[in-house]
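Input: a single structure, listed below in structure tokens.
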Amino acid sequence: MAEHITPRSTSYSDWYVDIVLKAQLADYSPVKGSMVIRPRGYALWERMQSALDGMFKATGHQNAYFPLLIPESFLHKEAQHVEGFAPELAVVTHGGGEKLEEPLVIRPTSETIIWSMYRKWIQSWRDLPLLINQWANVVRWEKRTRLFLRTTEFLWQEGHTAHATEDEAREETLRMLEVYRTFAEEYMAMPVLTGVKSESEKFAGAVNTYAIEALMQDRRALQAGTSHFLGQNFAKAFDVQFQNRESALEYVWATSWGVSTRLVGALIMAHSDDNGLIVPPKLAPTELVLIPIFRSNNREQVLPAAEKLADELRKEFRIVVDDDESNSPGWKFAEWEMRGVPLRIEMGPRDLENGQVTMVRRDTGEKEAVALDAAGARARALLDEIQQNLYQRALEFRGANTHYPATWDEMAALYQGEDAPGGFAVAPWDGDAATEALIKEETKATIRVLPFGNEEEARGKTCIRSGKPARHMAVFAKAY
RNA sequence: CGGGAUGUAGCCUAGUGGCUAAGGCGCCUGCUUUGGGAGCAGGAGAUCGGAGGUUCGAAUCCUCUCAUCCCGACCA
């Protein structure tokens, strides 16, 4: 079924597509730009959802569900918002066989429908803060799509909060950014940079957009999550006011924040290799695969022993026993490696003679013999090590591919030409959108984030491109 | 949306105007096997991406169209 994956060195994008299709994470659907998430891909998303959902609840948020269809006029209420999203809207013009009086847009995001409701629900300071999240699908008509990374329809989570004060809303924005960072690093084993987006990269309708940015193995950056401080923009557009303790009317302060099934793509590109998918243990739907190895003359010894061990391990781990007799052990090794299961346990006659099993790590391929009665403890330790190692490996990779060019020539060389090194470039910027655009035109690299505290670091320096006084230390990269 | 490439069975590929579209992998049946993608035998599976045209005859030539991949402009 799944034999050959294009090596990363041959074609990184072919490699990526091969993994998605051959590990059966997703498949193309009949509609351009959209995809079917298959059970193995969806299981990854479910584990991400469950971890994130717990973190959202722990920070006081509640889930709700708002409808898919939004009156077109709602989008127009916030000028920046409609300008940003108009090109990618899917619009429903007919329903029940009749032309609709007002077209309905399929949500590209839910700020407008949610704030139209918040207007009804918020009257008093006692109604605040309002902390709501929803898990939903959204549609954005994309010109160029890629499995998981950019599809016309995708699944995501969008938090929408309303606050009495600017400080509180800003705090919330950063709190959720921190939740995303923690999730990326601790669960996905993927180090991320955090910071604020430049004006040209921010969300349509936001005052500030913050993001987590990760570096993929092809040295391109991927925006893996965003958190927006929306100021009073949507409150004013939808006339959402509350009475404060002094009985005065004030507009509400807002945030929104989201991560999507793009994270599945990020996970693949951050860790996987030419043998297939690699999934960090905390997110792996299956942590252990047990492969019994037997012949017809010893199958009665091996299989029961394997079942016994599996029953034991099942109490603590998500484990699958592959005792299918129609595939050879070698085939199974390759197959389960491609599926990304973090730890394989082999149990054959030679192991049983020695009262042991053989454990093989997916991240390094290292094999070791483990005494049967120590299997659970050793598996736990190895899974922890794998989780750590994946993070360390990605962190070292990012370190090795983060550059601090001293001159414009040095910086340009990072991105120009076939064999350009790519990666992150940290460099002083004058804060001018025109300079940013010029850099993008010349190198294809964009400002990914302006890290926290970057202004102080920029003091006294001059812009890498314009030579004018620098206002920011910006992180540049070619991005997905 | 512009430029390039590709499209033949579930997957990979051969066939470049002429007989019933060929092979490998996978799949099904049976036997035999099982420590890095096993072997033998038999079998099922294709309106050659779709539509239209040229021709006595089209997978093959022409036009249009759709999809995927790559490169650009726009974006989680």
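Numbered from 1 within each chain, the chains take letters A, B, ... in sequence-line order. Computed from a predicted model, the values in this text were never measured in an experiment.
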Rounded to the nearest angstrom, tell me the gap between atom CG in A:Asp14 and atom P in B:C12. 12 Å
Same-atom distance (P) from B:G49 to B:U6, integer angstrom: 13 Å
Across the strands shown, which category fits A:Thr209 at heavy-atom distances under 4.0 angstrom: base, sugar-phosphate, nothing? nothing
For the side chain of A:Arg146, starting at C-beta, report the closest nucleotide among B:G35, B:C70, B:G37. B:C70
Determine which nucleotide pairs with B:G37, using a 3.5 Å limit on both distances of a Watson-Crick or G-U wobble pair. none
Counting the atoms with a prime plus P, OP1 and OP2 as sugar-phosphate, which does A:Lys440 contact under 4.0 Å by heavy atoms, base, sugar-phosphate, or nothing? sugar-phosphate
When all nucleic acid strands are considered with a 4.0 Å heavy-atom cut-off, which category describes A:Ser260: base, sugar-phosphate, or nothing? base
Check whether any side-chain N or O of A:Lys444 sits under 4.0 Å from OP1 or OP2 of B:A73, and answer yes or no. yes
Any strand: nucleotide that pairs with B:U6 via Watson-Crick or wobble, under 3.5 Å: B:A67
State, without any angle test, whether A:Glu368 and A:Thr358 hold a side-chain donor-acceptor pair at a distance under 3.5 Å. no
Atom CZ of A:Arg144 and atom C1' of B:A5: how far apart are they, to the nearest Å? 14 Å
Across all strands shown, which nucleotide pairs with B:A21 by Watson-Crick or G-U wobble geometry, both distances under 3.5 Å? none
Look at the side chain of A:Pro329 and decide which nucleotide, out of B:G35, B:G37, B:A76, has an atom nearest to it. B:G35
Using atom CD of A:Glu142 as one end and atom P of B:C1 as the other, report the distance to the nearest whole Å. 14 Å
Establish whether the base of B:G36 is bridged to the side chain of A:Arg344 by a donor-acceptor pair shorter than 3.5 Å. yes
Using whole Å, report how far CG of A:Asp18 lies from C1' of B:C12. 12 Å
Who does B:U55 pair with, Watson-Crick or G-U, both distances under 3.5 Å? none
Could you work out the separation of B:G39 and B:A46 based on their C1' atoms and round it to a whole Å? 29 Å
Suppose you measure atom P in B:C61 against the same atom in B:G7; what distance do you get, rounded to whole Å? 11 Å
Consider the side chain of A:Arg262, meaning its heavy atoms from C-beta on, and name the nucleotide among B:U68, B:A76, B:G37 that approaches it most closely. B:A76
Does the base of B:A38 carry an N or O that pairs as donor and acceptor with the side chain of A:Ser328 under 3.5 Å? no
Heavy atoms under 4.0 Å, any strand shown: does A:Leu149 hit a base, just sugar-phosphate, or nothing? base
Could you tell me how far B:C12 sits from B:G36 if I compare only their P atoms? Round to whole Å. 29 Å
According to a cutoff of under 5.5 Å between the ring centres and under 30° between the ring planes, does A:Phe154 stack with the base of B:A76? yes
Do the rings of A:Phe229 and A:Trp253 sit parallel, tilted or perpendicular, given the 30° and 60° boundaries? parallel
Considering only atom C1', compute the distance from B:A59 to B:C19 and round it to an integer number of Å. 16 Å
Parallel, tilted or perpendicular, judged at 30° and 60°: which one describes the rings of A:Phe452 and A:Tyr210? parallel
hbond_proxy A:Asn327 side chain to B:G37 base (donor-acceptor, 3.5 Å cutoff): no
Taking the same atom, P, in B:U8 and in B:C48, what whole-Å distance lies between them? 12 Å
Just how far, in rounded Å, is P of B:G36 from CD of A:Glu366? 19 Å
Parallel, tilted or perpendicular: rings of A:Trp156 and A:Phe154 (30°, 60°): perpendicular
The side chain of A:Ser13 lies closest to which of these nucleotides: B:G35, B:G37, B:C69? B:C69
What do you reckon, is CD of A:Glu88 surrounded by more than 12 foreign heavy atoms closer than 6.0 Å? yes
If I pick the C1' atom on B:G52 and the same atom on B:A58, what distance separates them, to the nearest angstrom? 14 Å
Taking CG from A:Leu147 and C1' from B:C69, how many angstroms apart are they, rounded to a whole number? 11 Å
OP1 or OP2 of B:C69 sitting under 4.0 Å from any side-chain N/O of A:Tyr16? no
When all nucleic acid strands are considered with a 4.0 Å heavy-atom cut-off, which category describes A:Gly348: base, sugar-phosphate, or nothing? base
Taking the inter-plane angle between the rings of A:Phe183 and A:Tyr187 on a 0 to 90° scale, is it parallel (under 30°), tilted (30 to 60°) or perpendicular (over 60°)? parallel
Between atom NZ in A:Lys478 and atom P in B:G72, what is the gap in whole Å? 7 Å
Tell me the partner of B:C1, counting only Watson-Crick (N1-N3 plus N6-O4 or O6-N4) or G-U wobble (N1-O2 and O6-N3) with both under 3.5 Å; none if nothing fits. B:G72
In whole angstroms, the gap separating P of B:A76 from CZ of A:Arg140 amounts to 6 Å
Does A:Glu346 contact B:G36 through a side-chain donor or acceptor facing the base, at a distance under 3.5 Å? no
How far, in whole Å, is B:G57 from B:A21 if one measures between their C1' atoms? 15 Å
Run through A:Ile19, A:Val20, A:Thr261 and flag the one making a side chain to side chain contact (heavy atoms under 4.5 Å, CB included) with A:Leu147. A:Val20
Parallel, tilted or perpendicular: which fits the ring planes of A:Phe203 and A:His228, with parallel below 30° and perpendicular above 60°? parallel
Have a look at A:Gly365 and say if it touches a base, only the backbone sugar-phosphate, or nothing, with a 4.0 Å heavy-atom cut-off. nothing
Given that both distances must come in under 3.5 Å, which nucleotide forms a Watson-Crick or G-U wobble pair with B:A46? none
Under 4.0 Å, counting only non-hydrogen atoms across every strand here, what does A:Glu337 touch: a base, just sugar-phosphate, or nothing? base
